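Each chain gets a letter, A, B and so on, in the order the sequences are listed, and its residues count up from 1. All of these numbers come straight from a predicted model, not from anything done at the bench. Note that these values count all heavy atoms, side chains included, but never hydrogens, waters or copies made by symmetry.
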Amino acid sequence: MRIGYPCINRTLECRSNRTFRLKSYSDERLKETVKNNLDCLSKILEFNAENNVLFFRITSDLVPFASHPVCRFPWQSHFEEKFKDVGDFVKSQGMRVSTHPGQYTVLNSRDMGVFERSVGELFYHCEVLDLMGLDLSAKVQIHVGGVYKDRELSRERFAERFCKLDDLIKRRLVIENDEKSYSLEDCLWVSDQTGVPVVFDLLHHRLKNNGESLKEAFEGFIPTWKERDGTPIVDYSTQDMGKRPGKHAESIDPLDFQEFLEATRQFDFDVMMEIKDKERSALRAIELASENVRFRG
DNA sequence: TCACGTCAAGCAGAT
DNA sequence: ATCTGCTTGACGTGA
């Protein structure tokens with residue numbers, strides 16, 4: 001079991017998700033921002049290594065506007081060495097990284113323009129992981145997408161679109177259950193049609209499910225991960241009490257996390273701690289999990 | 001230096 | 001019809 005956190009480190013001064021306005025785009029601006037972001041990513045990964053954090057989600061803003069037509073600069077070749085260095089460090093530490101393209105990536109959209117832009121965005125995320133020289137356990141995680149008043153038809157459209165994707169994308173893509181539209185059951189259906197692995201999001205599952213126990217849920221999604229996909233991934237978070245359902249808690253609830261570990265102890269998986277205070281809760285989770293024999297840290 | 005309106009993009013659900 | 005939230009605040013103009 002590896003434990004990690006998404007995108008931002010609040011202890012360090014630097015940020016790997018610096019961006020700028022589209023209107024102020026220039027190749028120079030892009031170069032400067034990407035250099036900053038990659039340097040900071042290195043610092044975050046070094047921090048993680050020192051603290052036994054072996055899992056990390058890389059921000060989608062690493063290369064701002066990478067999939068936008070305005071960006072013609074060959075950032076791939078310009079930063080080739082740097083990407084490779086980051087990837088070498090990840091590998092040397094036995095770490096795993098993932099990415100999570102945003103809400104605008106909708107593979108099953110009825111609008112072909114949206115679909116095509118989504119493919120471009122997925123291509124960018126995969127390119128970053130490829131440039132780092134990482135194996136196929138470095139995943140790109142998205143939701144199934146829109147419902148358009150017909151969930152079955154729309155999840156079917158996702159499956160059809162997925163099958164036609166370039167293998168470069170297909171081999172890294174994984175889908176995650178969400179709290180409104182597509183439950184674990186829907187994701188497993190899509191996985192059955194396509195072979196895509198399923199990330200299990202605990203908070204989303206608590207908000208939208210089909211009555212499965214935690215054990216049944218794990219027995220469902222774990223087998224969707226094949227050897228080359230690496231260890232199955234779980235997004236762990238808890239509800240921010242008193243706030244809108246689905247809002248992530250400010251910090252880890254140690255008791256809930258320990259209960260969760262206990263309830264799932266027969267399974268091997270990596271955990272992304274989706275908690276607002278980022279690395280702080282990840283470090284606490286690692287402490288708690290260290291008492292558990294499964295933890296590789 | 002700071003306040004605050006706006007920021008590439010889609011969709012669903014609430015207001 | 002308009003606003004809010006998503007993984008989430010930060011950019012950048014104007015005073």
Side-chain angles (χ1 to χ4, degrees), chain A residues 4-10 13-26 29-30 32-33 36-37 40 44 55-72 97-125 139-151 153-155 157-158 161 174-183 186 199 201-204 207-208 233-240 243-250 271-279 281-282:
Chain A
Y5 61 98
C7 308
I8 294 167
N9 181 302
R10 285 151 78 126
E13 300 271 306
C14 72
R15 294 178 34 213
S16 64
N17 59 341
R18 253 184 55 194
T19 183
F20 50 88
R21 294 282 168 261
L22 179 59
K23 270 197 290 189
S24 60
Y25 179 92
S26 71
R29 192 73 193 273
L30 182 79
E32 168 194 315
T33 306
N36 166 85
N37 288 351
C40 181
I44 293 174
F55 193 21
F56 184 69
R57 182 184 296 162
I58 296 173
T59 174
S60 296
D61 282 332
L62 194 68
V63 184
F65 306 108
S67 72
H68 192 283
V70 77
C71 177
R72 310 283 299 278
V97 296
S98 67
T99 65
H100 192 335
Q103 60 270 37
Y104 305 108
T105 304
V106 186
L107 211 51
N108 75 342
S109 178
R110 297 200 294 189
D111 178 334
M112 283 312 276
V114 172
F115 166 68
E116 276 154 27
R117 287 190 290 279
S118 298
V119 172
E121 186 69 358
L122 292 176
F123 186 74
Y124 149 62
H125 284 80
K139 291 304 186 188
V140 176
Q141 174 179 339
I142 60 171
H143 295 286
V144 175
V147 170
Y148 314 97
K149 300 190 168 76
D150 190 337
R151 205 174 78 257
L153 186 68
S154 299
R155 72 183 191 185
R157 189 165 53 247
F158 181 98
R161 297 262 175 89
V174 296
I175 56 172
E176 174 198 346
N177 59 307
D178 67 80
E179 81 280 28
K180 283 190 204 135
S181 307
Y182 293 100
S183 66
D186 293 310
V199 170
D201 186 300
L202 183 66
L203 179 57
H204 292 164
L207 293 165
K208 184 173 175 63
I233 296 176
V234 173
D235 284 354
Y236 172 90
S237 59
T238 47
Q239 174 67 38
D240 189 342
K243 296 276 174 62
R244 183 191 58 76
K247 185 151 174 72
H248 292 167
E250 273 301 319
V271 190
M272 184 60 66
M273 300 294 295
E274 292 193 333
I275 312 274
K276 289 274 279 179
D277 67 2
K278 305 288 178 187
E279 77 283 358
S281 285

Interatomic distance, [X] [atom1] vs [N] [atom2] [rounded to whole Å]:
{"X": "N108(A)", "N": "dC11(B)", "atom1": "CG", "atom2": "P", "value": "8 Å"}
{"X": "R15(A)", "N": "dT8(C)", "atom1": "CZ", "atom2": "P", "value": "15 Å"}
{"X": "L107(A)", "N": "dG10(B)", "atom1": "CG", "atom2": "C1'", "value": "13 Å"}

What nucleotide, of [options], holds the atom closest to the side chain of [X]?
{"X": "K180(A)", "options": "dT7(C), dA12(B), dG12(C)", "value": "dA12(B)"}
{"X": "E121(A)", "options": "dA8(B), dG10(B), dT7(C)", "value": "dA8(B)"}
{"X": "R18(A)", "options": "dT7(C), dC11(C), dG9(C)", "value": "dC11(C)"}
{"X": "F65(A)", "options": "dT8(C), dC11(C), dA8(B)", "value": "dA8(B)"}
{"X": "V106(A)", "options": "dA10(C), dT7(C), dC11(B)", "value": "dC11(B)"}
{"X": "S181(A)", "options": "dG12(C), dA12(B), dG10(B)", "value": "dA12(B)"}

Between [N] and [M], how far apart are the two [atom1] atoms, rounded to whole Å?
{"N": "dT7(C)", "M": "dC4(B)", "atom1": "C1'", "value": "24 Å"}
{"N": "dC2(B)", "M": "dT8(C)", "atom1": "C1'", "value": "22 Å"}
{"N": "dG10(B)", "M": "dG9(C)", "atom1": "P", "value": "23 Å"}
{"N": "dT13(C)", "M": "dA9(B)", "atom1": "C1'", "value": "23 Å"}
{"N": "dA10(C)", "M": "dA12(B)", "atom1": "P", "value": "29 Å"}
{"N": "dT6(B)", "M": "dC3(C)", "atom1": "P", "value": "11 Å"}

Check every strand shown and say whether [X] touches a base, only sugar-phosphate, or nothing at a heavy-atom separation below 4.0 Å.
{"X": "V147(A)", "value": "sugar-phosphate"}
{"X": "R117(A)", "value": "sugar-phosphate"}
{"X": "R151(A)", "value": "nothing"}
{"X": "T19(A)", "value": "sugar-phosphate"}
{"X": "G102(A)", "value": "base"}
{"X": "S109(A)", "value": "sugar-phosphate"}
{"X": "P69(A)", "value": "nothing"}
{"X": "S118(A)", "value": "nothing"}

Is [X] near enough to [N] that one of its side-chain N or O atoms lies under 4.0 angstrom from OP1 or OP2?
{"X": "S60(A)", "N": "dT7(C)", "result": "no"}
{"X": "H204(A)", "N": "dT7(C)", "result": "yes"}
{"X": "K278(A)", "N": "dG9(C)", "result": "no"}
{"X": "R21(A)", "N": "dG5(B)", "result": "no"}

Gap separating the CD1 atom of I44(A) from the OG atom of S16(A), nearest 0.5 angstrom
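The CD1 atom of I44(A) sits 4.0 Å away from the OG atom of S16(A).
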Side-chain H-bond candidate by donor/acceptor type, [X] with [Y], under 3.5 Å:
{"X": "D150(A)", "Y": "S154(A)", "value": "no"}
{"X": "E121(A)", "Y": "S67(A)", "value": "yes"}
{"X": "S183(A)", "Y": "D186(A)", "value": "yes"}

Show the numbers, then the answer: is there a side chain to side chain contact (heavy atoms under 4.5 Å, CB included) between V63(A) and N37(A)?
CA-CA 8 Å; V63(A) 184; N37(A) 288 351; over 6 Å; no
Under the criterion of centre distance below 5.5 Å and interplanar angle below 30°, is Y104(A) classified as stacked on the base of dG10(B)?
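Here Y104(A) fails the 5.5 Å or the 30° condition.
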Exactly one of D201(A), D235(A), T99(A) should register a side-chain hydrogen bond (donor to acceptor under 3.5 Å, both in side chains) with Q141(A). Which one does?
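Answer after filtering D201(A), D235(A), T99(A): D235(A).
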Only one of R57(A), E274(A), E176(A) passes side-chain hydrogen bond (donor to acceptor under 3.5 Å, both in side chains) with H100(A); say which it is.
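Exactly one pass, corresponding to E176(A).
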Return the pairing partner of dT8(C) with a 3.5 Å limit on both distances, Watson-Crick or G-U wobble; otherwise return none.
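Pairing partner: none.
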